[in-house]
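Chain A is the first sequence line, chain B the second, and so forth, proteins listed ahead of strands; every chain is numbered from 1.
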There are 2 protein chains.
Amino acid sequence: MDIWKRFGEKEISHSMAHYLQAVAALKAEKGHARVGDIADHLGVSKSGVTSMLRSLERHGLVRHERYGCVELTSVGAGLATRTESSRRVLTMFLTDILGVPDAIASEDACMIEHLVSSEVSVELLRLTTFLRSQHPVARQFRDAYRTSPRACAAHAAGASGSPDTCGVCADTCLHDSLICDLGVAAART
Amino acid sequence: MDIWKRFGEKEISHSMAHYLQAVAALKAEKGHARVGDIADHLGVSKSGVTSMLRSLERHGLVRHERYGCVELTSVGAGLATRTESSRRVLTMFLTDILGVPDAIASEDACMIEHLVSSEVSVELLRLTTFLRSQHPVARQFRDAYRTSPRACAAHAAGASGSPDTCGVCADTCLHDSLICDLGVAAART
DNA sequence: TAAGAATGTTAAGGTAGCTTAACATAAAGA
DNA sequence: TCTTTATGTTAAGCTACCTTAACATTCTTA
């Protein structure tokens, strides 16, 4: 049970992913990426950028010489592209298939874009493409799903929760536990 | 464009989420959670547990007195349950709907369980429940989806990639960019 | 071409989350 | 009770990522 510890061992951190994407975006937008541009783009200080660039350079993801422009290595560029693609797929899945509001979809996608394996991203792309398509089954799905119950079917039925009928929730209703109001903000103050 | 910075402002961090789940699991399993148990369960040092408990106490998520047992507050317990539920829903979606291998599904779910909003978790539960159900449309979906093409349909067609036909990929094929071999490990050594 | 503005780096410091080593407390047994 | 063992805490130090303040370099322009 040690998977959780590998969080810090991912190929790139959340910050690194966004620095790489910033460099790629600036390069595409204005032809070059400089420390100040990156700082503005990400809303961090220039000194923070300098030190992150040192770290990215150590990881072989960018090239940067003192007072010069920043370039992505091929590995860095690949990572930037993959993260960006992952974010796009996630966002589209969350909005178009799950029907979550744009703001929430964007935020969730931003948080997890760099943590989702390429296997999952690819399958998510496949599912999203399929369910958005003109395939007759996809059309039927969209019609039927719109009216599908919001909560776990077995428990939503109200009938003293016969758990066996719900393979997802098993013995406890996941729906309720997912939406409980935690009031963490209040606890902090 | 500052969503990305709120990564560190989530109600709980990855580590905190797993500490809370560990306490809940130990409490359920042996009736109490002590520092050593938590350390063993998570594979960290006891001193690390002590200091994390101080932090969790500051956040109002646990109660802990010197040399005593650890208790979850109601907020902490709610957070533990929600994270656990989120993980279960994610894992089931990834394995049963997307068809990703168990090991990858577990790892991805572990990484993002605490980062996914409850809105998304709830909708994911609804979708998973529906697609696993005996609803005729769900059955048809399972039959049809099994043979659905693995790549973005428009690009997979091979035909000089007419992008307009693929609403997901737009101008660049996301499928290819998601699976590129990055060789980051190699770059590190 | 020298002054001033724009840009970039270094230095020092803060939080989070981990480590090991040394120390403190509690529990058990002779 | 007194000692041994189990358990928990403190101290010091590490990396990552951010900050501000001070300093260095480069660009621009008069």
Side-chain angles (χ1 to χ4, degrees), chain A residues 2-23 26 30 32-71 110-111 114-115 184 188, chain B residues 2-23 26 30 32-71 110-111 114-115 184 188:
Chain A
D2 274 328
I3 301 178
W4 78 278
K5 271 191 125 182
R6 291 208 290 275
F7 189 81
E9 294 166 17
K10 280 267 153 183
E11 44 202 0
I12 46 171
S13 67
H14 178 76
S15 288
M16 290 166 93
H18 283 277
Y19 274 86
L20 292 180
Q21 286 186 76
V23 173
L26 288 165
K30 32 171 68 177
H32 61 266
R34 306 193 53 184
V35 170
D37 300 330
I38 300 170
D40 291 346
H41 190 93
L42 293 176
V44 298
S45 64
K46 284 181 294 178
S47 56
V49 173
T50 299
S51 86
M52 176 56 100
L53 288 177
R54 218 188 335 269
S55 169
L56 291 172
E57 194 146 35
R58 270 204 308 277
H59 285 78
L61 304 177
V62 305
R63 258 170 278 109
H64 174 227
E65 44 202 36
R66 280 168 71 95
Y67 299 102
C69 288
V70 181
E71 302 291 339
C110 168
M111 295 296 165
H114 65 298
L115 293 169
V184 171
R188 265 188 187 151
Chain B
D2 274 329
I3 301 178
W4 79 276
K5 271 191 122 179
R6 291 208 290 276
F7 189 82
E9 295 166 18
K10 279 266 153 184
E11 44 202 2
I12 47 172
S13 67
H14 178 76
S15 288
M16 291 166 92
H18 284 276
Y19 274 86
L20 292 180
Q21 285 185 75
V23 173
L26 290 165
K30 32 170 68 176
H32 60 267
R34 306 193 54 183
V35 169
D37 300 330
I38 301 170
D40 290 347
H41 190 93
L42 293 177
V44 298
S45 63
K46 284 182 293 180
S47 56
V49 174
T50 300
S51 86
M52 177 56 100
L53 288 177
R54 217 187 336 267
S55 168
L56 290 171
E57 194 146 36
R58 271 203 308 277
H59 284 78
L61 303 177
V62 304
R63 258 170 279 109
H64 174 228
E65 45 202 35
R66 281 169 70 95
Y67 301 102
C69 288
V70 181
E71 302 291 339
C110 167
M111 296 294 166
H114 65 298
L115 294 170
V184 171
R188 264 188 186 150

> Output all residues satisfying side-chain hydrogen bond (donor to acceptor under 3.5 Å, both in side chains) with A:His114, sequence neighbours left out; order by chain, then residue number.
none
> What contact category does A:His18 fall into here, base, sugar-phosphate, or nothing, at under 4.0 angstrom with non-hydrogen atoms?
nothing
> Going by the rule salt bridge (charged side-chain N to carboxylate O under 4.0 Å, His left out), which residues pair with B:Arg6 if we only count those two or more places apart in sequence or in a different chain?
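By the salt bridge (charged side-chain N to carboxylate O under 4.0 Å, His left out) rule, B:Arg6 matches A:Glu107.
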> Considering residues at least two apart in sequence or located in another chain, which fulfil the salt bridge (charged side-chain N to carboxylate O under 4.0 Å, His left out) criterion with B:Glu71?
B:Lys27
> Nearest whole Å is fine: how far is D:dG8 C1' from B:Arg66 CZ?
9 Å
> Do the side-chain N or O atoms of B:Arg34 get closer than 4.0 angstrom to the phosphate oxygens (OP1, OP2) of D:dG8?
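Yes.
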> With sequence neighbours left out, what residues match A:Ser13 under side-chain contact (heavy atoms from CB on, under 4.5 Å)?
A:Ser15, A:Met16
> What range of DNA chain C does chain B touch, first nucleotide to last, counting atoms under 4.0 Å from its heavy atoms?
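Using the under 4.0 Å cut-off, the span is C:dA16 to C:dT25.
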> Any protein N or O atoms within reach of nucleotides 13-20 of chain D? Criterion: under 3.5 Å, listing atom names and distances.
{"unit_1": "D:dC17", "atom_1": "OP1", "unit_2": "A:Ser13", "atom_2": "OG", "d": "2.6"}
{"unit_1": "D:dC17", "atom_1": "O3'", "unit_2": "A:Ser15", "atom_2": "OG", "d": "3.4"}
{"unit_1": "D:dC18", "atom_1": "OP1", "unit_2": "A:Ser15", "atom_2": "OG", "d": "3.1"}
{"unit_1": "D:dC18", "atom_1": "OP2", "unit_2": "A:Tyr19", "atom_2": "OH", "d": "3.4"}
{"unit_1": "D:dT19", "atom_1": "OP1", "unit_2": "B:Lys5", "atom_2": "NZ", "d": "3.3"}
{"unit_1": "D:dT19", "atom_1": "OP2", "unit_2": "A:Ser45", "atom_2": "N", "d": "3.0"}
{"unit_1": "D:dT19", "atom_1": "OP2", "unit_2": "A:Ser45", "atom_2": "OG", "d": "2.8"}
{"unit_1": "D:dT20", "atom_1": "O4", "unit_2": "A:Ser47", "atom_2": "OG", "d": "2.4"}

> Considering residues at least two apart in sequence or located in another chain, which fulfil the side-chain hydrogen bond (donor to acceptor under 3.5 Å, both in side chains) criterion with B:Ser45?
B:Ser47
> Please name the pair of heavy atoms, one in A:Val44 and one in A:Tyr19, separated by the smallest distance, quoted to 0.1 Å.
CG2-OH, 3.4 Å
> Please name all residues satisfying ring pair (Phe, Tyr, Trp, His ring centres under 6.0 Å) with B:His64, sequence neighbours left out, ordered by chain then number.
none
> Which pairs of donor and acceptor atoms, one on a side chain in residues 49-56 of chain A, lie under 3.5 Å apart (sequence neighbours left out)?
{"unit_1": "A:Thr50", "atom_1": "OG1", "unit_2": "A:Lys46", "atom_2": "O", "d": "3.2"}
{"unit_1": "A:Ser51", "atom_1": "OG", "unit_2": "A:Gly48", "atom_2": "O", "d": "3.4"}

